[in-house]
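Each remark here refers to the structure printed beneath this line.
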Amino acid sequence: MSGLYQRPISTFWWLERRSYLVFVLRELSSVFVAWFVVYLLLLVNATSAGSTQYERFLDWSAHWWVVVINLIALFFVLLHAVTWFGLAPKAIVVRRRGRRVPPSQILVLHYLAWLLLSAFVAWVILR
Amino acid sequence: MADRITLEVARYRPESDSEPVMESYEVPLREHWAILDGLTYIKDHLDGSLSFRWSCRMGICGSCGMTVNGDPTLTCATFLTDYAPGPVRVEPLRNFPVIRDLVVDIGDFMEKLQAVKPWVVRDVHSPIEAGEYLQTPDELDEYKQFSMCINCMLCYSACPVYALEPHFLGPAAIALAQRYNLDSRDEGAAEREDVLSSPDGIWACTFVGECSAACPKDVDPAAAIQRYKVTAATQAVKNFLLPRGAR
Amino acid sequence: MTTRRPPSPEPFLWLLFSGGGMIAALLVPVLLFLFGVAFPLGWLTAPDHAHLLSVLQNPITKLVLFGLCVLALFHWAHRFRYTLYDGLQLKRFSVPIILFCYGGAVAGSLISGYLLLRA
Amino acid sequence: MATFHDVVVIGGGGAGLRAAIAVAETNPRLKVAIVSKVYPMRSHTVSAEGGAAGVAAADDSLDEHAYDTVSGSDWLSDQDAVEAFVAEAPRELLRLEHWGCPWSRQPDGHIAVRAFGGMKKMRTWFAADRTGFHLLHTLFQTALSYPDIVRYDEWYVTKLLVDEGKVRGVVAIELATGRVETITASAVIVCTGGCGRVYPFTTNANIKTGDGMALAYRAGAPLKDMEFVQYHPTGLPFTGILITEAARAEGGWLLNKDGYRYLQDYDLGQPSPTPVLRSMELGPRDRLSQAFVHEFEKGRTIDTPYGPIVHLDLRHLGAKLIDAKLPFVRELCSKYQNIDPVTELVPVRPVVHYMMGGVHTDIHGATPLEGLYAAGEVACVSINGANRLGSNSLPECLVFGTRAGRAAAVFAGRYGDTVPAAILAQGRDEERRLKRELERHAEGHERIADIRSEMQTTMENGAGIFRDGDSLAKAADELRELRVRFADAAIDDHSRTFNTELVALLELSFMLDVAESIIACALQREESRGAHQRTDFPARDDARFLAHSLITREPDGTGRVRYLPVTITRWPPGERVYGR
Ligand SMILES: Cc1cc2nc3c(=O)[nH]c(=O)nc-3n(C[C@H](O)[C@H](O)[C@H](O)COP(=O)(O)OP(=O)(O)OC[C@H]3O[C@@H](n4cnc5c(N)ncnc54)[C@H](O)[C@@H]3O)c2cc1C
Ligand code: SF4
Ligand code: F3S
Ligand code: FES
């Protein structure tokens with residue numbers, strides 16, 4: 001066959017379509033999930049090291065740049081949560097009495113679980 | 001409404017071009033005219049050398065997929081008026097080698113399709129005289145959605161993983177494998193597992209989801225892939241935990 | 001009898017990834033909001049040290065946090081690996097990428113285990 | 001260069017795929033190839049919507065299916081063929097079920113059947129309203145499981161190679177490269193489908209250009225009953241997209257401009273709220289299309305930019321039934337007509353749909369030319385006679401595809417792979433001819449599309465739902481002129497790679513042959529029967545024309561028509577009665 005043309009793929013292919021960009025951002029959310037683990041471990045470390053260390057951590061966490069990082073991280077983590085719940089019903093097929101539970105119901109259940117768990121965690125911490 | 005619209009069409013003539021060039025044509029803008037009608041108008045009246053595939057012009061044969069204004073589209077099922085006042089960019093489907101103008105090479109998919117064994121596999125085929133295999137409407141619903149694929153290749157064209165990783169089995173082939181896996185008459189799931197659950201199979205899919213967004217027949221190949229990931233992962237855990245004989 | 005390939009690690013990695021994705025989606029937003037935003041900005045008063053320590057020292061908390069850390073790290077490792085493959089088209093460096101990602105997850109898991117046990 | 005296969009099947013539609021599988025099943029040692037101008041799953045079978053008939057219900061019988069088919073054909077079908085057909089259809093449909101076809105089911109898991117036009121019992125198997133799509137994909141995917149079936153996808157056959165009265169292969173162009181190759185064989189099965197594109201307004205896909213009819217005709221095989229062209233009563237205006245008969249079988253009504261169910265005026269029974277088999281909207285297609293023309297003449301149709309229309313009313317069926325049984329109809333209406341049949345009337349008009357005629361074969365799919373077989377819409381066995389019943393065509397593809405495949409396998413098994421030198425020489429000649437055509441037409445002046453559309457208008461005016469001696473004679477003259485103009489047709493495309501304009505040119509030349517044969521046969525048949533309605537000879541004339549017309553090509557290129565008696569086994573010709 002004379003010359004097939006193969007379209008080159010640009011390094012920035014994910015800028016070509018909005019949906020690709022959202023996808024890449026969604027994938028990048030994992031970096032912020034990892035960041036959160038680091039942040040959490042710092043908190044754990046400080047807490048177990050005593051109240052002065054804990055106060056130090058609180059002060060550090062209030063630095064403007066730490067807050068900015070965390071705000072960005074929160075945005076990405078929320079993006080992660082929303083996209084994750086949005087896609088979960090596609091993978092999960094639940095059957096009740098032989099009938100398939102509609103995906104919309106599964107979605108609602110996910111959000112409910114999210115809400116309850118978040119409230120519970122907040123209660124444990126703020127109690 | 002203006003009565004004409006411009007189509008910018010990608011032309012690629014392998015004998016003379018090293019890459020596609022865009023050419024503009026003016027075609028009538030009429031109600032009910034699909035993009036495809038614009039292209040056939042060009043071929044019939046303006047330039048007979050434009051090459052593209054089409055056949056049924058009712059959205060079922062899967063021939064006429066192209067990239068319209070950047071989106072993978074069935075050109076017989078999208079209408080010029082939706083793009084008015086234009087211009088409309090018509091290019092070949094992305095992610096496939098271009099043979100000529102708007103015609104792409106889908107040989108790769110045809111091989112992958114065969115690789116997933118899209119046919120009923122059974123240990124024992126019951127004789128025709130024994131009548132049909134019973135299948136309730138609910139059992140039919142289990143796989144029906146995945147049986148709607150017209151092999152139009154829009155999903156491959158939309159999937160960035162396929163663009164980057166040509167060995168990726170891809171959405172439609174996996175959806176069709178699932179169509180048989182979920183069919184109550186089929187017993188071939190184990191035979192398909194090796195191909196599906198390979199690094200170039202489902203695990204290469206990062207759930208971009210664009211395949212399902214592009215699919216004109218609501219096959220939802222992304223769902224097929226994710227569901228199979230759950231199945232394959234469960235199977236792998238089982239294989240890992242249970243000794244060989246007990247499986 | 002069909003001959004099987006040696007079991008591939010992909011399904012297990014994917015399970016870890018999915019587990020991490022789910023637990024991260026459920027727990028991380030609220031935790032990050034409280035400790036990363038609300039307390040530092042003074043929207044809410046941070047819990048006192050004694051209370052937090054007692055929560056932390058509860059074995060159930062330790063278990064949950066350990067699970068969260070491990071799964072979330074593997075979630076990152078898996079997703080980040082593919083982001084490097086696809087987003088930056090670095091698949092040709094897959095060996096160092098795999099080492100970096102999953103190695104990082106394993107190391108992070110060990111550290112988190114140590115820190116949580118000690119707490 | 002030449003490749004050999006024991007059996008070459010031209011066409012990868014329902015008939016071609018079934019035939020190829022039958023060859024592989026009959027004799028696994030044979031090498032079989034499918035040559036198709038489109039990927040098999042793009043073949044036109046994919047568009048079939050309504051269903052496939054085969055006796056399945058307990059209250060039904062083979063005899064009743066046979067009788068409906070024979071009377072539906074206006075007694076022009078061969079009854080031995082019909083009997084074989086109805087006997088084997090259920091088996092073939094079941095086999096397809098075993099291969100995975102997602103037939104619609106009853107709650108208990110058995111196959112569901114629906115009513116169809118001209119059928120006295122419910123016996124049409126369906127897969128929602130995408131029957132052809134599911135049938136074709138099932139066949140194609142099943143064919144993939146036979147490693148011995150070789151495919152030439154997107155290869156265009158230009159000629160059958162004949163030596164000493166035996167067909168020994170084909171010449172085909174690989175579209176992707178423009179390469180011309182001789183593919184030799186011991187037997188060739190033509191399964192190239194119909195020729196609706198000879199007319200301007202048709203349900204048929206772009207690829208249905210009668211290639212196989214012309215290939216066989218040029219090779220010396222006769223065409224049979226070419227004057228019988230089926231108009232389907234319900235096509236969408238402009239696009240010609242089919243609204244399946246299943247829409248009426250599920251209870252749809254045809255209304256004229258006054259909202260009146262006009263079919264009651266045409267001896268098709270009395271209206272009732274629920275569908276009655278073989279009555280009103282469930283009458284046969286020829287009668288329904290003819291009724292439309294009469295309504296038009298009475299001024300009771302509705303004028304639109306795309307011609308006169310009547311309305312198909314599905315509103316009383318409700319969204320639930322429409323979504324369950326006619327989802328594709330709803331999709332097509334909303335996509336292509338911007339209407340929702342749940343709440344709105346669907347505009348429809350008769351549209352060219354199917355060729356009853358085709359390559360003359362016996363009940364084993366064999367043509368009079370040794371080594372040449374045919375099956376599917378391209379062939380005329382004949383079970384369809386003067387009018388095909390809806391849902392008989394898909395099972396016909398299966399039953400006679402199988403039969404042709406078996407017969408060809410047995411025939412080819414007796415040959416070795418030595419191919420006469422004369423065949424190879426012919427192949428090289430054809431290659432040179434194609435090259436010359438391209439060069440010659442590069443200098444041409446007439447647009448292919450212009451000639452084609454004039455041919456189509458000629459056919460519609462000359463041999464439409466109603467025709468007469470004058471209109472046919474005029475059409476014959478016009479076709480002769482078009483042939484002259486065709487010699488000067490222009491090709492803009494000088495590339496070898498995927499040259500669709502060359503294909504269009506070759507298709508047009510095939511269509512001109514087919515068009516001429518339709519006109520010639522229609523001129524000679526001085527009676528009205530089924531889909532062939534002569535206003536100058538309005539009555540059926542069994543004394544002269546209870547016979548198949550056979551047209552063969554004379555050395556000078558003209559067609560010669562003769563007649564072959566109809567085989568009658570158990571159902572002597574009678575009156576066609578519907579609605580009573
Ligand atoms: C819209 C529509 C709806 C229908 N609905 C029904 C229904 O509900 N029930 C029913 O029984 N019937 C129905 N029919 C009729 C039925 O679908 C067709 O008669 C039947 O599918 C024809 O199948 P086939 O295999 O003969 O040909 P096709 O499916 O048309 O296949 C022809 C094949 O030949 C190949 N070919 C043609 N020319 C060449 C060449 N020169 N070189 C190489 N290859 C070539 C093509 O590539 C193709 O693969 C319908 C028809 C239409 C148009
Ligand atoms: S899954 Fe959808 S988009 Fe992909 S080939 Fe099938 S029909 Fe086309
Ligand atoms: S777009 Fe591609 S990555 Fe997966 S979900 Fe669809 S196949
Ligand atoms: S032409 Fe068949 S899908 Fe568009």
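Just so it is clear, the values below take in all heavy atoms, side chains as well, and ignore hydrogens, waters and symmetry mates.
Listed here is the closest heavy atom pair of C:Leu53 and A:Thr47: CD1-O, 3.5 Å. Looking at every heavy atom in both residues, A:Ser118 comes nearest to C:Val30 through O-CG2, 3.7 Å. Smallest separation of non-hydrogen atoms from C:Leu26 and A:Trp114: O-CD1, 3.3 Å. Between C:Ala25 and A:Phe85 the shortest heavy-atom distance is CB-CZ, 3.8 Å.
For C:His51 (side chain) and A:Val124 (main-chain N/O), a donor-acceptor pair under 3.5 Å exists by modelled atom type. Panel note: side chain A:Tyr54, backbone C:Leu52; no donor-acceptor pair is recorded below 3.5 Å. Not a single donor-acceptor pair under 3.5 Å links the side chain of C:His49 to the backbone N or O of A:Glu55. No donor-acceptor pair closer than 3.5 Å links the side chain of A:Trp14 to the backbone N or O of C:Asp86.
Within the 4.5 angstrom heavy-atom criterion, only side-chain atoms of C:Leu34, from C-beta onward, approach chain A. At a 4.5 Å heavy-atom cutoff, the contact between C:Thr45 and chain A is made by backbone atoms alone. Heavy atoms closer than 4.5 Å to chain A are found in the side chain of C:Thr83, but not in its backbone. For chain A, the nearby part of C:Leu27 is the side chain; its heavy atoms alone come within less than 4.5 Å. In this structure, the portions of A:Ile9 lying under 4.5 Å from any heavy atom of chain C include both its backbone and its side chain. Heavy-atom distances place both the backbone and the side chain of C:Val28 under 4.5 Å from chain A. Heavy-atom distances place both the backbone and the side chain of C:Leu32 under 4.5 Å from chain A. For A:Leu58, the part lying under 4.5 angstrom from a heavy atom of chain C is the side chain only. Contacts of C:Leu31 with chain A are made by both backbone and side-chain atoms, with heavy-atom separations under 4.5 Å.
Considering CH2 of C:Trp76 and CG of A:Leu28, their distance stands at 12.5 Å, rounded to 0.5 Å. Interatomic distance, A:Ile125 CD1 to C:Phe39 CZ, rounded to the nearest 0.5 Å: 6.0 Å. Rounding to the nearest 0.5 angstrom, the gap separating the CG atom in A:Asn70 from the CZ atom in C:Phe35 is 12.0 Å.
Side chains of C:Arg118 and A:Val44 form no contact here, defined as non-hydrogen atoms less than 4.5 Å apart. Side-chain atoms of A:Phe36 and C:Leu68, non-hydrogen and from C-beta on, do get closer than 4.5 Å to each other.
For C:Leu99, the CG atom sits in a packed shell: over 12 heavy atoms of surrounding residues, nucleotides or ligands are nearer than 6.0 Å.
Relative orientation of the C:Phe17 and A:Trp84 rings is perpendicular, given thresholds of 30° and 60° on the angle between their planes.
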